[in-house]
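The next block holds one structure in the form of structure tokens; read it before the comments.
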Amino acid sequence: MLRLIAARGGRLLARPPGAALTPVCSRASSHGEGEASTAVDMSRPLYWNRLDTPLPDKPFKDVLNEEDTALKQKEKGPWGQLTKEEKIAIYRLAFQRTYPEMKQSTGEWKTVVGGIFIFLGLTGLVVIWQSYYVYPPQPRTFTEDWQARQLQRMLDMRVNPIEGFSAKWDYEKGQWK
Amino acid sequence: MSLVKPAMRGLLGKRLRFHLPIAFALSLVAAAGFKYMVTEPRKQAYAEFYRNYDAAKEFNNMREAGIFESVRPSGE
């Protein structure tokens, strides 16, 4: 059931029209046509390159020239008579990219990680500026002297004398165990 | 080519028969580990602490340190 929804959802994602759009766009820009005339008609069956939804609604090339039409005719006969190049050509008529081509790593992760580090760095600069110009003075409880007296008071009170804080203090010798 | 028919039934049962004993065993190990590495040492620590604990002496030490408000150190 989820598979069905995913398959239908696959058509709605930006990737399928993007995959089909790229070749169309490059042809259009070489002809100097406007963007609007090459917009993908989503009400018609689409082609997509997706690993998880393998069989698109239409073959990649559906306007066939003469030799492609002849090839398709030959495909209707026994396949043993097709040469290796013909079989590959038939595949390429139906599919734009093979699975290994689709699975190619893009190196996008380097951009992502680089962007993360850049923004972390910028944030660090902001934090430094902020700690100098924005923060109010620290409370007096943060000073060394106050903290030392605080520690001593905790030991005097015997905080956690069995397993915790004061358990680690040697009261006879006046030092940590 | 004749492929062997895959198992169609009893998949959950097979998985449970394999994983449940392991789950029980690991749970018991976890419980035993916690008992003998956490609770037993803790009980020992408490027993040790209170074996020779002199409450009055500790109280006087605390009083002299000056942490109480109701009873000040004997000097004042």
Side-chain angles (χ1 to χ4, degrees), chain A residues 1-7 51-55 75-84 87-88 90-91 94 98-100 138-177, chain B residues 1-16 18-19 23 26-76:
Chain A
M1 168 80 171
L2 283 169
R3 195 79 195 112
L4 201 58
I5 297 172
L51 293 171
D52 53 355
T53 327
L55 301 171
E75 190 193 356
K76 292 183 185 171
W79 287 346
Q81 293 178 359
L82 295 168
T83 70
K84 185 165 161 237
K87 287 182 197 168
I88 293 177
I90 289 173
Y91 181 89
T98 66
Y99 262 72
Q138 279 199 333
R140 60 183 170 158
T141 56
F142 278 51
T143 57
E144 280 287 331
D145 178 56
W146 188 286
Q147 298 229 342
R149 287 192 286 146
Q150 187 170 321
L151 272 186
Q152 182 58 51
R153 192 175 144 81
M154 282 168 72
L155 288 169
D156 292 339
M157 284 195 284
R158 312 294 195 264
V159 167
N160 288 331
I162 303 173
E163 277 195 318
F165 187 69
S166 305
K168 299 189 168 78
W169 178 261
D170 191 342
Y171 281 94
E172 271 99 56
K173 291 188 202 145
Q175 61 186 24
W176 293 108
K177 283 184 186 164
Chain B
M1 41 178 170
S2 58
L3 298 168
V4 62
K5 182 176 175 179
M8 308 286 267
R9 293 159 183 258
L11 298 166
L12 178 63
K14 180 174 167 209
R15 180 188 166 78
L16 286 179
F18 180 76
H19 282 97
L26 283 179
S27 309
L28 287 173
V29 167
F34 191 81
K35 180 184 172 72
Y36 290 108
M37 283 169 52
V38 179
T39 62
E40 277 308 308
R42 188 169 288 163
K43 289 201 277 189
Q44 293 306 317
Y46 272 75
E48 274 305 316
F49 182 80
Y50 283 111
R51 189 158 300 154
N52 300 315
Y53 184 64
D54 186 355
K57 177 172 147 238
E58 290 296 316
F59 168 73
N60 276 318
N61 288 338
M62 285 196 253
R63 176 189 174 181
E64 297 310 318
I67 60 164
F68 294 129
E69 290 181 18
S70 53
V71 42
R72 299 305 302 165
S74 46
E76 295 167 24

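Only heavy atoms go into these numbers, but all of them, side chains included; no hydrogens, no water, no symmetry mates. Proteins come first, then strands; the chains are lettered A, B, ... in the order of their sequence lines, and each starts at number 1.
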Has the side chain of A:Lys177 got a donor or acceptor atom that lies under 3.5 Å from a matching backbone atom of A:Ala167?
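Confirmed, A:Lys177 side chain pairs with A:Ala167 backbone.
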Under 3.5 Å, is there a donor-acceptor pair between the side chain of A:Arg158 and the main chain of A:Asp156?
yes
Any idea how B:Tyr50 and B:Tyr53 line up, ring-wise: parallel (<30°), tilted (30 to 60°), or perpendicular (>60°)?
perpendicular
Should we count OH of A:Tyr99 as having more than 12 external heavy atoms under 6.0 Å?
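Yes - once you tally the heavy atoms of other residues, nucleotides and ligands closer than 6.0 Å, there are more than 12.
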Interface residue of largest heavy-atom contact number with chain A, from B:Gly66, B:Pro41, B:Ala65, under 4.5 Å:
B:Ala65
Check whether B:Glu48 gets within reach of chain A through its side chain, its backbone, both or neither, counting any heavy atom under 4.5 Å.
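Neither part; nothing is under 4.5 Å.
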Measure distances from B:Phe68 to the heavy atoms of chain A and classify the residue's part below 4.5 Å as side chain, backbone, both or neither.
neither
